[in-house]
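Structure first, then comments.
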Amino acid sequence: MSFARTLLCQYRQRRTFHDCPINAIQPLRLLLLGSPGSGKGTQSERLQKHFGVLHVSSGDLLRRNIQQQTPIGQQAASYMSQGQLVPDPVLISLIDQELSHVGTHHWLLDGFPRTLTQAQALDDTLTRLMQPLNLVVNLEVPEEVILDRIMDRWVHIPSGRVYNLSYNPPKTAGRDDETGEPLSKRPDDCPDVFRVRMGQYKAMVAPLLDYYSDIAVTVKGNTSDEIYPQIEREIVNRLGVLPGVGTLPAAADLGSLSAAAAAKANSSRARAAAAAATAHNTSVDEEQIAGSSLQ
């Protein structure tokens, strides 16, 4: 591919990195979509392990910035303390700031964007950084399967760690593995609330999938083990990136990354420790990140 063609792929206004030859090796710039309980966290962990992606989670970023009392964190906390949604400008600033430190490494976005306004603002940021999205993966799991997962789900509120009695139970029943503190049920983990949230999610994701239609793929299955090979196949076929190839260096060598991003790249244990230190009793859920479309 010529240098001129490479520049053209980088500079075009909308997400056009995928217009480059299909098997040309491209940095992984992935957006993961999926309803609550669809397994985004599990798939993100596998992608981190096999492709060395930096996992940029809007929920984790909010918790960390609130705990560290950064200017953005203080703005977000002021809305959340009043039970309000975090507005788009605050979320966009948060993601913009994080991605500006990522550099040329593979990354995965989880939890953002969730509205068309956020998607368009993200495009502006990525165009400026010359890091356009090149793959959007939508996880589609049957609703009855997700409901079963949610009913078996328990969480450690301060850290955000999630357990499931069916496939990821805590070592000690009712206790967090790392702190020994009690686990809780989310108030909205019940069938009636689940149906409302699914309706909201479907209304949210339809315009996003239309907006990203040229780079979006939907993968279907009942379990994470069924879905992950499909994601890996799409990455290999579309971007030419192979599992275990081009994984991130040790955190000490990530000079161009922010300290938080380097910690994420270094180990999942460091990620968990950072999460455990965040926000004390502040819980950031998907609705608080959603923006005005779900009000």
With salt bridge (Lys or Arg N to Asp or Glu O under 4.0 Å) as the criterion, how do E45 and K40 come out once you've worked through the C-alpha distance, each side chain's angles and the decisive distance to 0.1 Å?
CA-CA 9 Å; E45 290 177 1; K40 294 192 299 295; over 6 Å; no
I need the single residue from D177, D60, D176 that forms a salt bridge (charged side-chain N to carboxylate O under 4.0 Å, His left out) with R161. Which is it?
D176
Measure across D110 and S44 and return the closest heavy-atom pair with its distance rounded to 0.1 Å.
OD2-OG, 4.0 Å
Should K171 and E178 count as an ion pair when the cut-off is N to O under 4.0 Å?
no
Checking ring pair (Phe, Tyr, Trp, His ring centres under 6.0 Å) for the pair Y163/H156: CA distance, chi angles, key distance, verdict?
CA-CA 8 Å; Y163 299 88; H156 179 241; 8.1 Å; no
Looking at Y167, I want to see if its OH is surrounded by more than 12 non-hydrogen atoms of other residues, nucleotides or ligands under 6.0 Å.
yes
Should the pair K185-D152 be classified as a salt bridge under the 4.0 Å nitrogen-to-oxygen rule?
no
Are the side chains of L54 and H106 in touch, meaning some heavy atoms are under 4.5 Å apart?
no
L94/V90 under side chain to side chain contact (heavy atoms under 4.5 Å, CB included): CA gap, chis, key distance, verdict
CA-CA 6 Å; L94 190 71; V90 176; 5.7 Å; no
R46/D225 under salt bridge (Lys or Arg N to Asp or Glu O under 4.0 Å): CA gap, chis, key distance, verdict:
CA-CA 10 Å; R46 293 187 178 188; D225 288 340; 2.5 Å; yes
Would you please test E232 and Y228 for side-chain hydrogen bond (donor to acceptor under 3.5 Å, both in side chains) and show each step?
CA-CA 6 Å; E232 187 171 283; Y228 178 75; 2.9 Å; yes
Between the side chains of R149 and E144, is the shortest nitrogen-to-carboxylate-oxygen separation below 4.0 Å, so that they form an ion pair?
no
